[in-house]
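Down below is the structure, laid out as structure tokens.
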Amino acid sequence: MTRRFAFLALAILLSTPAVADKPDPYARARNHLVDQLAASGIADASVLRAMRAVPRHELVPAERRPDAYDDRPLPIGESQTISQPWIVARMTELIRPRRGMRVLEIGTGSGYQAAVLAELGVELYTMEIVEPLAVRARKDLDRLGYRKVRTRIGDGFAGWPEAAPFDAIIVTAAPPEVPPPLKAQLAVGGRLVIPVGEGAQELRVLTRTRTGFRQETVAPVRFVPMTGRAQKR
């Protein structure tokens, strides 16, 4: 091969992507799911875009991938579940997300809620008490490109005090009552979205004001119970 043709061959090689993007076999199902979410009342366009971007099938066990875009929770091992997409979207919408806000998630689980929040450009801290889930979620978040998410293995009842105050806190497991440390770690104007109760549960939103907290009940829900210190009170 002459030097000229060798140079041309090298130029072509360098200008060609090393690995072609693989088509996403789940894209149609994911788009259909997000269309359903919009039709069922999820109105925040940025949340819908984030839900459309996150590959939920990458965050469930391999045998559950065919069900990944059904609007229902799925088991992820360790007696835990990945939340129903509608609930993820609704809880995300309730914090009124905006780029750059500081958010604490209690209950990393599979990492799905964390990935949705990361897509929205928040500064995210997420905690998981079940170590095998925390380790797996960290690996999956890194693999999917969400490397800026800060993770911690630990009891979420106490929150993440050294990173407080938070503009929003999302809790994905239900304590009997709202943990006081989480309320204390909210910034003024911040919103805490949390399922509360034993047996019958309700989704609540607490907003911190300059003089206390304003609370509203959103809907009846069903979450796994918060473990650790929450069960010892």
Side-chain angles (χ1 to χ4, degrees), residues 47 73 78-84 87-98 100-114 116-118 120 122-134 137-138 149-233:
V47 173
E78 309 295 333
S79 300
Q80 302 297 306
T81 60
I82 184 173
S83 293
Q84 175 189 2
I87 286 290
V88 171
R90 183 64 178 133
M91 292 178 75
T92 305
E93 191 174 54
L94 285 169
I95 68 168
R96 300 177 181 171
R98 64 183 186 278
M101 70 189 294
R102 180 170 290 201
V103 178
L104 173 63
E105 180 197 18
I106 303 300
T108 313
S110 68
Y112 181 53
Q113 174 76 79
V116 170
L117 291 166
L120 288 161
V122 307
E123 180 184 342
L124 180 62
Y125 297 75
T126 181
M127 296 183 65
E128 173 58 57
I129 196 171
V130 182
E131 184 171 354
L133 291 182
R138 176 74 269 172
V149 174
R150 296 166 175 85
T151 59
R152 170 177 285 183
I153 300 168
D155 189 339
F157 186 95
W160 200 319
E162 66 269 31
F166 296 99
D167 300 304
I169 300 175
I170 286 183
V171 182
T172 62
E177 297 294 340
V178 180
L182 298 185
K183 294 171 66 175
Q185 290 171 36
L186 269 184
V188 173
R191 293 165 68 85
L192 168 59
V193 179
I194 183 170
V196 179
E198 297 175 287
Q201 300 172 0
E202 57 186 24
L203 186 64
R204 299 180 189 174
V205 179
L206 282 75
T207 304
R208 186 164 196 172
T209 69
R210 294 190 181 278
T211 57
F213 292 87
R214 184 173 66 252
Q215 179 176 287
E216 61 180 299
T217 299
V218 177
V221 290
R222 186 68 178 170
F223 280 78
V224 297
M226 179 182 280
T227 57
R229 186 175 163 190
Q231 297 299 316
K232 299 174 183 177
R233 292 178 65 81

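This chain uses plain numbering: 1 for the first residue, then up along the sequence.
- Taking both residues in full, the closest heavy atoms of Pro97 and Val47 are given as CG-CG2, 4.0 Å, listed atom of the first, atom of the second, then distance.
- For the atom pair CG of Leu133 and CD1 of Ile82, the computed distance is 11.0 Å after rounding to the nearest 0.5 Å.
- Across every non-hydrogen atom of Ile95 and Ala168, the tightest pair is CB-CB, 3.7 Å.
- Residues passing the ring-ring contact (aromatic ring centres under 6.0 Å, His included) test with Tyr125, sequence neighbours excluded: Trp160, Phe166.
- Using a 4.5 Å heavy-atom cutoff, the side chains of Ile194 and Pro175 are in contact.
- Here the straight-line distance linking atom CZ of Arg208 with atom CD1 of Ile169 works out to 9.5 Å at 0.5 Å rounding.
- Side-chain atoms of Leu117 and Thr126, non-hydrogen and from C-beta on, never get closer than 4.5 Å to each other.
- Put simply, the side chain of Glu128 gets close to the backbone of Gly109: a donor and an acceptor are under 3.5 Å apart.
- Closest non-hydrogen pair, Val224 versus Thr172, comes out as CG2-O, 4.4 Å.
- When atom types are taken as modelled, the side chain of Glu177 and the backbone of Val196 share no donor-acceptor pair closer than 3.5 angstrom.
- Expressed to the nearest 0.5 Å, how far CD of Gln113 lies from CD1 of Ile106 amounts to 12.0 Å.
- Without hydrogens or angle criteria, Asp167 side chain to Val103 main chain gives no donor-acceptor distance under 3.5 Å.
- Side-chain N or O atoms of Thr108 include one that pairs as donor or acceptor with a backbone N or O of Met127 at under 3.5 Å.
- Distance alone, capped at 3.5 Å, is enough to place a donor-acceptor pair between the Gln185 side chain and the Ala158 backbone.
- Put simply, the side chain of Phe213 does not reach to within 4.5 Å of the side chain of Leu192, judged on heavy atoms.
- Residue Leu186 comes nearest to Pro165 through the heavy atom pair C-CB, 4.2 Å, listed as atom of the first residue, atom of the second, then distance.
- Counting heavy atoms from C-beta on, the side chains of Gln84 and Pro73 come closer than 4.5 Å.
- Between the side chain of Arg229 and the main chain of Phe157, no donor-acceptor pair closer than 3.5 Å is present.
- Here the side chain of Arg204 pairs no donor or acceptor atom with the backbone of Gln215 at under 3.5 angstrom.
- When the shell of 6.0 Å around CD of Glu78 is examined, it contains more than 12 heavy atoms from other residues, nucleotides or ligands.
- What you find for Pro195 and Met91 is that their closest heavy atoms are CD-CE, 4.4 Å.
- The two atoms that bring Gly189 and Thr207 nearest to each other are O-CG2, 4.2 Å, heavy atoms only.
- Interatomic distance, Ile170 CD1 to Leu182 CG, rounded to the nearest 0.5 Å: 12.5 Å.
- For the salt bridge (charged side-chain N to carboxylate O under 4.0 Å, His left out) with Arg152, the lone residue among Glu105, Glu162, Glu131 that qualifies is Glu162.
- Not counting sequence neighbours, Tyr112 has no partner by the ring-ring contact (aromatic ring centres under 6.0 Å, His included) test.
- Atom CZ of residue Arg222 and atom CG of residue Leu203 lie 14.5 Å apart, to the nearest 0.5 angstrom.
- A donor-acceptor pair under 3.5 Å links the side-chain atoms of Arg102 to the main chain of Ala163, judged by distance alone.
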